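The structure appears right after this line, and notes come after that.
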Amino acid sequence: MEARRQVFSVDLLERYAAKGRGVITCMAAGNDVILLGTSKGWVIRHDFGVGDSFDIDLSAGRPGEQSIHRVFVDPGGSHCIATVVGGGTSDTFYTHAKWAKPRLLAKLKGLIVNAVAWNKQHITEASTREFILGTDNGQLHEVSVDEKDKKEKYISYLFELNELPEAFTGLQMETASINNGTRYYVMAVTPTRLYSFTGIGSLESVFASYAERAVHFMELPGEIPNRQRRAIHFAWLSGAGIYHGGLNFGAQHSSPNGDENFVENKALLDYSKLGEGVLVKPSSLAVSEFHFLLLVGNKVKVVNRISEQIVEELYFDQTPDAVSRGVLGLCSDASAGLFYAYDQYSIFQVSVNDEGRDMWKVYLDLKEYAAALANCRDALQRDQVYLVQAEAAFTAKDFLRAASFYAKINFVLSFEEITLKFISIGEQDALRTFLLRKLDNFAKDDKCQITMISTWATELYLDKINRLLLEEDTVSDNVSSEYQSIITEFRAFLSDCKDVLDEATTMKLLESYGRVDELVFFASLKEEYEIVVHHYIQLGEAKKALRVLQKPNVPIELQYKFAPDLIMLDAYETVESWMTTKDLNPRKLIPAMMRYSSEPHAKNETHEVIKYLEYCVHRLQNEDPGVHNLLLSLYSKQEDESTLLRFLQCKFGKGQPNGPEFFYDPKYALRLCLKEKRMRACVHIYSMMSMHEEAVALALQVDPELAMAEADKVEDDEDLRKKLWLMVAKHVIEQEKGTKRENIRKAIAFLKETDGLLKIEDILPFFPDFALIDDFKEAICSSLEDYNEQIEKLKQEMNDATHGADNIRNDISALAQRYAVIKRDEECGACRRKILNVADDYRRGRVYTSVGSMAPFYVFPCGHSFHAHCLIAHVTRCTTETQAEYILDLQKQLTLLGNEPRREMNGGLTEEEPIMSTTPADKIRSQLDDAIASECPFCGDLMIREISLPFILPEETDEIESWEIKPQNLPTQKSISLTV
């Protein structure tokens, strides 16, 4: 098997990189750009991104030997700071990647810059924004340079170490935007101390605040040769070891004087762990994500930052001349993720190859399981982490925790092995926990496994519940609390797994363990509402059963099935539930209502069935005869007959076209009322069935006033009405038991109530034969006077009729002499031809008879005249389709009767002809005249109706299309400019 590739590898980047400008003294890198400082005062720039290189001579114009002390480049590779020393003085230069010549920072003359902190969050190619310089005399300066200005914007003093003046050897700055400005975080390193500064505002205000408060620092003894760091982690080569930790630049440091100690998880790596036998201090340090790169002599030791173990050693291919001096230092290119080493002549590149691949093992060995899982690359690695955690918990007898970890394992241990572990030691609770956690890890497609494990977990729950019940009798309240907790947990499990559990198997399990409540609960989850409702009814819990039935997804048939039991349990709640349930058919509830009604009820008790039936009839407007019949039967059994009468008098079908006025069966109602002896109701039903004689006869047994009212209801049949009143009169006369004269007076008073319908002669047969006529004298005289008045009225009517007939004869004679004057040049209103002209095309011999030599025509009182056939054509065209067909049919009939002898068209009668002597043709011609000539077509309703008609009728599509404007393909028009 091929050996795994090393995490770090060294490659020679360039031999003799100084290009003969002396030897390399310092180096910096950023964004694939490398800056080298040489011993002869040259700065050599290598841009590997574009393959370019150029040299800058900073010693020009300076006396004596000049050497580059330090060189710095920003993370983007655009901005460069270099300090040149020699001749007892020093100068600091700034140069840009686009500049050919560097810029001397005159204000820093004589100061040796050891460290630079770039503003990485805000720096751009065109501007450095504010950044910090650290000098060897313990001062900090703020500088800002814009590339376009070709000079620095400003250089200002910030801070100086007064308590322990030392050279700054390392600087780092981070910024964070917060609500009220920008917060700065600055770390500064001296040979013995690590300082931290933080504040909100500008750099000047941040450092000015430390004039009044102490500076936060960490002090470690020893001389510090180098220090480098990155934004997430930092490391400091102190005298005692490598001081390292994490950096937190979060928003929690939002106060102006917030915590300067933004360092977290601090640790110190002792140099003795480097394994050199003797205490050896690294000469340079670089930090990657998980490792320290420590330059020790001519090799680099790679130390894992987490485990603090050496994982690799890197060696360099140096020239013989450089071996004696060794490797000078390390630097990192955070932008490119690369590291570099350099000696006097060469540059070496240290590449990183997936350095986090084995970090899960490192964290696992340290028992930092969360970090180990975060660094796992695949499921097998995660399984190994879970296995270690599970075994540790199992060994510690924390079986529930072990079960949770075992449930996350998919490959390194089988399901059977894990379950046998718990079964062998009798840990049912841990086994149940394992199964439940395993269910959470299954995919939805593993339906078979999910169902089997869910069923097993169900049985384990039931077993646990039974064991707790056995212990409950002997142990304290703690068991009771645990019992309630496991019941709640079990029900939640059933709710979660209701879709994966086999319904029949689960119900058998619940039933076999005697868990009726859970069986009902599961049935409710599976929408087996019949089982649930039946259970509640057995317990007498009508409200709970009704609450289940009111759920929207419960079949309506269950309402009808359990209605008899529910109404007997709690009639009020059941009826209230029915009244709030939609789409309930009251007809199917009749058996339940009849069962309830058959039971005895207290006199003042509200009859719930009657209440529901009234709701159906009046509110829901139910039209089912069965519902109405049941309500009527319940009304008939009540002592108070008024409710029954009001129900019978209600016209429930009123307003419905062609519908009945009531929906109960009147014959059934009559039988029921007769049986219950509800006579007034019977009278109403007889009357409603138009059995007025039976109604009056029965009403006479109850109340004569009721009989009179019933007799008076008949209005369209005078004979029947008189017969009914005679029945009432006979009953009244026969029932009177006073003196004879008193009875006669009452009879005479009764006649007045009939409004003249009955006469004295109609009721005389009802009196005894020996009654004296003197007692009827007044009534008989009144009757004779009425007859005399009627005779006189008839005579007057006959005289009026005779006079009217005479008037009609005179009118007919006058009509025969009526005429109209027509001028010779009078035109037809339709065809515009002269009325009095004769032409063969005008002759319609079989319809009209010509008057002399002229065609038939019509003249209206308004003065308009029309030829007969023109008038027919005009009216037929303008009138409705039905009327036009009627006119044409009359024409056809006249044509068929055209062979009969015709009379003159002037409407006159011969002397021998009686008034009523007309032929069939005359009748049809009269109907045709009425149809076409009842009014002038130009002055009557026909012309008025034409106003609302469109100019173009719908059937005249051709006329409409002829008026359409259609686009045409016109030739392109050319514009011609005319000179005026």
Side-chain angles (χ1 to χ4, degrees), residues 716 718 786-823 826 829 835-836 844-852 854-872 874-876 879-880 882-944:
D716 53 350
E718 196 70 21
D786 291 340
Y787 283 129
N788 188 42
E789 289 179 1
Q790 292 178 12
I791 291 171
E792 291 298 327
K793 286 181 181 179
L794 288 174
K795 288 181 179 179
Q796 183 64 36
E797 289 174 1
M798 290 175 65
N799 292 333
D800 292 340
T802 302
H803 181 69
D806 293 338
N807 290 336
I808 290 171
R809 288 191 186 92
N810 295 332
D811 290 341
I812 292 173
S813 298
L815 286 173
Q817 303 300 323
R818 189 178 61 175
Y819 65 92
V821 178
I822 299 175
K823 298 179 180 179
E826 186 74 26
I835 286 291
L836 302 180
R844 303 292 176 99
R846 295 185 177 273
V847 180
Y848 288 95
T849 303
S850 300
V851 181
M854 293 181 293
F857 59 88
Y858 287 88
V859 179
F860 291 94
C862 61
H864 291 111
S865 303
F866 299 89
H867 293 117
H869 74 280
C870 292
L871 181 62
I872 292 173
H874 179 76
V875 174
T876 304
T879 191
T880 62
T882 304
Q883 183 69 7
E885 291 177 356
Y886 173 68
I887 294 171
L888 295 175
D889 183 60
L890 292 175
Q891 267 191 293
K892 184 176 180 182
Q893 293 181 43
L894 280 176
T895 303
L896 295 175
L897 296 174
N899 293 327
E900 295 183 4
R902 305 182 188 98
R903 295 179 290 109
E904 295 181 357
M905 275 301 294
N906 57 5
L909 296 174
T910 60
E911 294 180 359
E912 296 83 7
E913 223 175 1
I915 295 175
M916 301 302 294
S917 175
T918 56
T919 64
D922 292 333
K923 291 181 180 179
I924 295 173
R925 188 175 291 107
S926 176
Q927 294 175 7
L928 182 60
D929 289 343
D930 291 339
I932 66 173
S934 60
E935 61 180 1
C936 176
F938 287 177
C939 303
D941 293 339
L942 191 63
M943 179 59 71
I944 295 173

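Starting from 1, each residue takes its place in the sequence as its number. Predicted model, so just to flag it, every value in this text is computed and none were measured. What you see below is based on every heavy atom in this structure, not just the backbone, and it leaves out hydrogens, waters and symmetry mates.
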Rounded to the nearest 0.5 Å, what separation is found between the [atom1] atom of [X] and the [atom2] atom of [Y]?
X      : Y      : atom1 : atom2 : result
Gln891 : Ile932 : CD    : CD1   : 7.5 Å
Thr895 : Ile924 : OG1   : CD1   : 10.0 Å
Glu935 : Met943 : CD    : CE    : 11.0 Å
Asp800 : Gln796 : CG    : CD    : 4.5 Å
Asn807 : Arg809 : CG    : CZ    : 10.0 Å
Ile835 : His864 : CD1   : NE2   : 11.5 Å

Given side chains that start at C-beta, do those of [X] and [Y] come closer than 4.5 Å, heavy atoms only?
X      : Y      : result
Asn799 : His803 : no
Glu826 : Leu836 : no
Leu794 : Ile791 : no

Please name the pair of heavy atoms, one in Val859 and one in Ala820, separated by the smallest distance, quoted to 0.1 Å. CG1-CB, 4.1 Å
Tell me the closest heavy-atom pair linking Leu871 and Ala933, and the distance in Å. CD2-CB, 4.3 Å
Between Thr879 and Tyr886, does the side-chain contact (heavy atoms from CB on, under 4.5 Å) criterion hold? Intermediate values first, please. CA-CA 11 Å; Thr879 191; Tyr886 173 68; over 6 Å; no
Hey, does the side chain of Ser926 reach the backbone of Asp922 with a donor-acceptor pair shorter than 3.5 angstrom? no
Test item: Thr876 side-chain N/O and Ile872 main-chain N/O as donor-acceptor pair under 3.5 Å: yes
Do you know which of Phe857, Tyr858, Phe938 makes ring pair (Phe, Tyr, Trp, His ring centres under 6.0 Å) with Phe866? Phe938
